[in-house]
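All values derive from a computational prediction rather than experimental measurement. Letters go in sequence order (proteins before strands), and every chain restarts at 1.
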Amino acid sequence: MNKPTNKNFITNIVDNDNNTNKFGGRVNTRFPPEPNGYLHIGHAKSIFLNFEIAKTYGGKCNLRFDDTNPEKENIEYIDSIKNDIEWLGYKWDSIHYASDYFEQLYTYAQKLIENNYAYVDSSSSEIIKEERGTLTEPGIKSKDRERPSDESLKIFEQMKQGKFNDGEYVLRLKIDMSSPNINMRDPVIYRIKKVEHHRTKNDWCIYPMYDFTHCISDAIENITHSLCTLEFEDHRDLYEWVIEKINHENQPQQIEFARLALEHNLMSKRKLSELVEKNYVESWDDPRMPTLSGMKRRGYTPNAIKDFCNRIGITKKNSAIEMGVLENTIREELNLTAKRVMGVLDPIKVTLVNYPKDETETIKATYNPNDINSGERSISISRNIFIDKNDFMEFPEKKYFRLAPGKEVRLRHAFNITCEKIIKDNSGEILELECTYDPISRDMSKGNKVKGMIHWVDANNCIDAQINVYDRLFSDSDPTSVDDINENSLMVKKSSKLEKNIDLNNNDERYQFERVGYFIKDSKSSNEKISYNKIVSLKDSWKKINKKGI
RNA sequence: UGGGCCGUAGCCAAGCGGUUAAGGCAUCGGGUUUUGAUCCCGACAUGCGUAGGUUCGAUCCCUACCGGCCCAGCCA
């Protein structure tokens with residue numbers, strides 16, 4: 001990203017900490033995903049925040065996998081997460097796994113027991129739940145709360161040795177069962193799970209929980225500012241309690257910010273995986289998905305995503321960003337960088353009846369009028385061309401200045417044509433248009449001045465392709481269920497025609513199909529079936545005029 | 001109804017006791033342009049959830065109220 005990173009309330013805190021020398025001027029952050037799903041644009045916000053803060057303050061940002069629940073986690077997710085972060089262009093200073101700290105965590109737990117800050121509880125999860133109280137009533141103390149610490153220590157050891165089954169015992173912190181903050185009502189910090197862990201394999205059958213693990217991991221890694229989302233605000237007391245009780249020399253501070261919500265999208269790993277599982281979308285990297293892999297396949301660039309993250313800001317206010325903001329970032333970048341070619345998504349045959357048969361001419365055009373170094377392309381044209389269906393109207397509305405019977409328009413980069421005749425099949429479907437062209441108008445200054453300009457492709461020299469056009473995944477701006485999916489979010493144009501200048505060997509080249517939008521080759525494209533994805537439309541003020549019914 | 005947060009334009013978001021209340025997106029006007037694109041210019045909160053209070057002065061401090069979000073996993 002070439003724009004400066006915006007300030008926000010967190011950078012204000014960091015500035016202040018630096019001024020008061022709270023951390024001796026150090027700024028260490030971390031991005032701590034659980035490897036239980038693919039990263040999405042919401043994670044990008046957090047990645048951007050953490051890495052950019054480290055960068056602007058000359059600090060460090062670690063990648064740490066919060067892998068304390070082996071049932072949900074696996075290597076595939078770890079790899080995809082690393083990939084996505086690298087794709088965004090960030091390099092972690094060091095990589096860690098909470099599971100690397102299992103031994104230390106266990107030792108800290110033992111110390112807490114020794115100091116009477118924790119106890120082993122044999123209550124069932126149902127009992128613990130009941131005894132926890134409610135939002136308005138205090139909890140009650142467990143029968144095991146006063147278990148002598150040497151006894152707890154011994155049982156905890158046996159838990160580790162695998163002497164018990166899942167659920168038989170848990171380790172709990174001894175804090176305050178009547179705290180108004182439910183997280184402080186003797187939270188469970190270790191549970192027995194006889195499950196193989198993707199990294200530690202069968203070394204452990206007890207696993208520490210988030211609240212115990214996260215703060216200690218931060219402390220161990222010398223994190224200064226532990227940035228997380230709003231739902232952890234209530235956990236901050238616990239975070240600080242643990243850090244204080246283990247008496248660690250480094251005392252990181254947790255700061256919470258609002259997670260990203262994007263209109264017309266769902267943004268939780270659970271729901272995104274539901275979309276995949278129910279086959280509402282093709283895969284995690286379906287171009288409609290707000291996952292980073294999906295956006296990559298859609299054609300979004302790391303720069304555009306980072307620019308987006310920068311624009312939306314960081315606050316504590318729950319808010320939903322309009323899709324237009326996201327779309328605008330990629331449009332802005334591609335307007336400057338994308339080569340222009342022509343592509344006809346929904347072709348109609350057009351015959352230029354006065355154009356000599358078997359003749360072809362070559363037209364020169366620039367690849368990008370906004371970039372003088374973009375070079376020139378040659379486009380062929382002949383008697384037979386294709387134009388887009390929506391560039392012709394048999395009964396044109398007011399202010400429609402494209403092709404219509406008897407009307408003259410200009411073919412982009414070429415010359416003017418006039419529609420003379422519509423050829424239909426028996427059902428009334430338009431098969432073909434017969435037009436005449438005006439040779440004089442090759443010179444723009446001659447020929448008739450026309451308002452309409454349409455794009456086209458030489459029917460005798462073009463690429464057959466499939467174009468995937470996407471609409472928002474959910475029609476509702478604030479969807480709740482995956483079942484609300486927009487059934488028309490994917491439109492496949494099967495017989496599109498593309499200008500020959502497209503480099504089919506280049507998988508990353510993003511093109512502007514003039515007057516239409518930006519496109520990139522789909523990762524599933526093949527020589528047999530060439531397919532391109534629409535990244536985003538060009539802005540279309542005709543659409544607006546048309547909508548108003550003028 | 002216990003606790004923790006949040007409330008500045010249609011959507012984001014600066015602002016930290018004295019400012020003409022930044023900026024972006026959207027929208028609306030106008031100009032350039034034979035991409036209805038881009039680009040350029042202009043408009044867009046006497047107002048900061050509401051009501052009181054403190055103050056010479058309050059978006060900023062205090063109080064109350066209203067509205068929204070989060071918390072009762074052996075998930076993270």
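- Distance noted for atom C1' between B:G7 and B:A51: 16 Å (whole Å).
- Looking at the side chain of A:Tyr210, the nearest of the listed nucleotides B:A76, B:C74, B:G3 is B:A76.
- When the P atom is compared between B:G3 and B:U46, the two are found 37 Å apart, to the nearest whole Å.
- Distances were taken from every side-chain heavy atom of A:Glu332 (C-beta onward) to each of B:C25, B:G73, B:A37; the shortest belongs to B:C25.
- When only modelled atom types and interatomic distance are considered, A:Asp144 and A:Tyr169 share no side-chain donor-acceptor pair under 3.5 Å.
- When the side-chain nitrogen and oxygen atoms of A:Lys7 are compared with OP1 and OP2 of B:G15, none of them lie within a distance under 4.0 Å.
- In a base pair of the Watson-Crick type (N1 to N3 plus N6-O4 or O6-N4) or a G-U wobble (N1-O2 and O6-N3), with each distance short of 3.5 Å, B:A14 is matched with no nucleotide.
- Across the strands present, B:G36 finds no partner; the criterion is a Watson-Crick or G-U wobble pair with both atom distances under 3.5 angstrom.
- B:A9 sits 16 Å from B:A21 when the P atoms are compared, rounded to a whole Å.
- Per the geometry, CG belonging to A:Asn335 stands 11 Å off P belonging to B:C40, to the nearest Å.
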Where do A:Ser142 and A:Ile128 land on the side chain to side chain contact (heavy atoms under 4.5 Å, CB included) test, with the steps shown first?
-> CA-CA 8 Å; A:Ser142 164; A:Ile128 289 179; over 6 Å; no

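- Residue A:Asn318 places its side chain closer to B:C69 than to any other of B:C69, B:G36, B:G2.
- OP1 or OP2 of B:A13 lies within a sub-4.0 Å distance of a side-chain N or O belonging to A:Lys317.
- Using a 4.0 Å cut-off, some side-chain N or O of A:Arg515 falls inside it from OP1 or OP2 of B:G36.
- Within the structure, a side-chain polar atom (N or O) of A:Lys539 is placed less than 4.0 Å from OP1 or OP2 of B:U38.
- Following rounding to the nearest Å, A:Met444 (CE) and B:U35 (P) show an atom-to-atom distance of 8 Å.
- For the P atoms, the distance linking B:A22 with B:C16 amounts to 13 Å, nearest Å.
- Side-chain atoms of A:Glu514 lie closest to B:U35 of the nucleotides B:U35, B:A76, B:U27.
- Figure legend. B:G73 is base-paired to no nucleotide; pairs are counted as Watson-Crick or G-U wobble with both atom distances under 3.5 Å.
- B:C60 makes up no base pair with any nucleotide shown, lacking Watson-Crick or G-U wobble contacts both under 3.5 Å.
- Among the nucleotides B:U35, B:C5, B:C12, the one closest to the side chain of A:Pro369 is B:U35.
- On the C1' atoms, B:C39 is 8 Å away from B:U32, given to the nearest whole Å.
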